[in-house]
Amino acid sequence: MGHHHHKPNKAVEGDPDEGHGRGMPRRPDGREAERRTEEDRREVGLPDGAGKDDATRYAEERAEVEREANSGTMPRSVAPRKKRNPYPPSDYEE
């Protein structure tokens with residue numbers, strides 16, 4: 001089982017013998033957050049997202065949506081959103 005990322009009380013509150021801090025830091029550690037995110041992605045078997053900028057990720061996701069729409073896995077709608085049914089189709093009897 002993976003480990004959790006919660007800080008121990010001493011790291012958040014400071015030394016209990018000499019007083020307590022004020023909780024969360026003003027700015028979270030961005031590098032540490034990115035490192036933990038990548039570690040979590042590896043633990044659950046997701047592909048590594050490092051080294052790709054937002055435009056590259058968007059292009060890859062857009063290509064995947066197009067592939068699914070072209071194969072029929074994902075429906076392609078031509079009606080404007082306001083005219084579409086707000087709920088997905090259901091197998092339940094009405």
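The figures that follow rest on heavy atoms only: side chains count, while hydrogens, waters and symmetry mates do not. Numbers here simply count residues along the sequence, with the first being 1.
In terms of the side chain to side chain contact (heavy atoms under 4.5 Å, CB included) criterion, residue partners of Thr73 (sequence neighbours excluded) are, by chain and number, Glu68, Ser71. Residues passing the salt bridge (charged side-chain N to carboxylate O under 4.0 Å, His left out) test with Glu66, sequence neighbours excluded: Arg76. The side chain to side chain contact (heavy atoms under 4.5 Å, CB included) check on Glu61 picks up nothing, with sequence neighbours excluded. Residues that satisfy the side chain to side chain donor-acceptor pair (under 3.5 Å) test with Thr56, not counting sequence neighbours, are Asp53.
Checked options Arg36, Arg42, Glu34; the residue passing with Glu38 is Arg42 (criterion: side-chain contact (heavy atoms from CB on, under 4.5 Å)).
Atom CG of Asn70 has more than 12 neighbouring heavy atoms from other residues, nucleotides or ligands inside a 6.0 Å radius.
Applying the under-4.5 Å side-chain rule to Ile, Leu, Val, Met, Phe, Trp and Tyr, the cluster around Met74 extends to Val65.
Among pairs with a residue in residues 79-91, those fulfilling side-chain hydrogen bond (donor to acceptor under 3.5 Å, both in side chains) read Ser77-Arg84, at least two apart in sequence or across chains.
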